[in-house]
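Right, one structure below, let's go through it.
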Amino acid sequence: MSLPRERILENIKTTLEQISVANGYNNDIESVQRWMQHGNSLFDMPCIIIAAASEEQHPGPAPLVSCSLAVELTLWYRQPENDNVSTDTRLNSLLEDVMRALYADYTRGGLAQDTEITAIMPFESVEGQPNTGLIIEVAVAYRYYRDNPAQAG
């Protein structure tokens, strides 16, 4: 069995893969990937790259360890040149879908106590650049047993 943090990251990936018009969302997310040191494919957009960031751990309540796992979602978007809708409007529509998906089960399938979006930052982009997007920071509160780190608490 893998650590709860790994299962949480996989749950987030599976959750975001469900974003499609056919499933009642505003947009289709074409690709959801976990971060790869050697690079990720940005061929199919919109695309979300999921990466674990910092994690705080605190003892207790015994025999548990309480954690706050930061997860970074990098949402990539390429707006067609013939699209006259503002880029912010398109990004906000995609953000709404991500928010709806993440908050549909804030327990990450029973692995966590809470999931919350803590920050949203646009990419620094230059006019005419082909790609744009948002960095969405998520905090997942969860616990595991000190004597068995693979067991969620």
Asn40 side chain vs Arg34 backbone, donor-acceptor pair below 3.5 Å: yes

Shared hydrophobic cluster for Phe123 and Ile117 (ILVMFWY, side-chain gaps under 4.5 Å): no

Shortest non-hydrogen separation from Ala150 to Leu3 and the atoms involved: N-CD2, 4.1 Å

Check: Val65 main-chain N/O paired with Gln57 side-chain donor or acceptor under 3.5 Å: no

From Leu42, Val32, Ile29, Thr74, residue fulfilling side-chain contact (heavy atoms from CB on, under 4.5 Å) relative to Cys47: Leu42

CD1 on Ile49 to CD on Glu72, rounded to 0.5 Å: 11.0 Å

Leu95 side chain near Ile120 side chain, heavy-atom distance below 4.5 Å: yes

Any Leu111 side-chain heavy atom under 4.5 Å of Tyr142 side chain: no

Linked, directly or transitively: Leu75 and Ile19 (ILVMFWY side chains, under 4.5 Å): yes

Any donor-acceptor N/O pair, Ser93 side chain to Thr89 backbone, under 3.5 Å: no

Straight-line distance of Ser68 OG to His58 NE2, nearest 0.5 Å: 7.5 Å

Cluster overlap Leu73 with Met121, hydrophobic side-chain contacts below 4.5 Å: no

Side-chain (Arg108) to main-chain (Leu9) donor-acceptor, under 3.5 angstrom: no

pair Arg146-Pro59: side-chain heavy atoms closer than 4.5 Å: yes

Single-linkage hydrophobic cluster, 4.5 Å side-chain cutoff, Leu91 and Met99 together: yes

Straight-line distance of Glu10 CD to Ile8 CD1, nearest 0.5 Å: 12.0 Å

Side-chain (Ser66) to main-chain (Arg143) donor-acceptor, under 3.5 angstrom: no

Heavy-atom closest pair, residues Tyr145 and Gly153: CE1-CA, 3.6 Å

Any donor-acceptor N/O pair, Gln79 side chain to Thr132 backbone, under 3.5 Å: no

Trace of the side chain to side chain contact (heavy atoms under 4.5 Å, CB included) decision for Ile48 with Trp76: CA-CA 6 Å; Ile48 299 174; Trp76 291 83; over 6 Å; no

Closest contact, heavy atoms only, Pro4 versus Pro149: CD-O, 2.9 Å

Separation of Ser54 OG from Glu137 CD (nearest 0.5 Å): 8.5 Å

Within-4.5 Å side-chain heavy-atom neighbours: Asp97 and Arg100: yes

Joint hydrophobic cluster, Met45 plus Leu94, side-chain heavy atoms closer than 4.5 Å: no

Side-chain heavy-atom pair Val138, Val140 within 4.5 angstrom cut-off: yes

Heavy-atom donor-acceptor pair, Asp28 side chain to Glu30 backbone, under 3.5 Å: no

Within-4.5 Å side-chain heavy-atom neighbours: Tyr77 and Asn131: no

Side chain Asn23, main chain Gln18, donor-acceptor under 3.5 Å: yes

Heavy-atom closest contact (Ala101 atom, Leu16 atom, distance): CB-CD2, 4.3 Å

Neighbour count >12 (heavy atoms, 6.0 Å) for atom OH, Tyr103: yes

Close side-chain approach of Gln151 to Met1, heavy-atom, < 4.5 Å: no

Pairwise side-chain contact, Ile12 with Thr115, heavy-atom cut-off 4.5 Å (strictly under): no

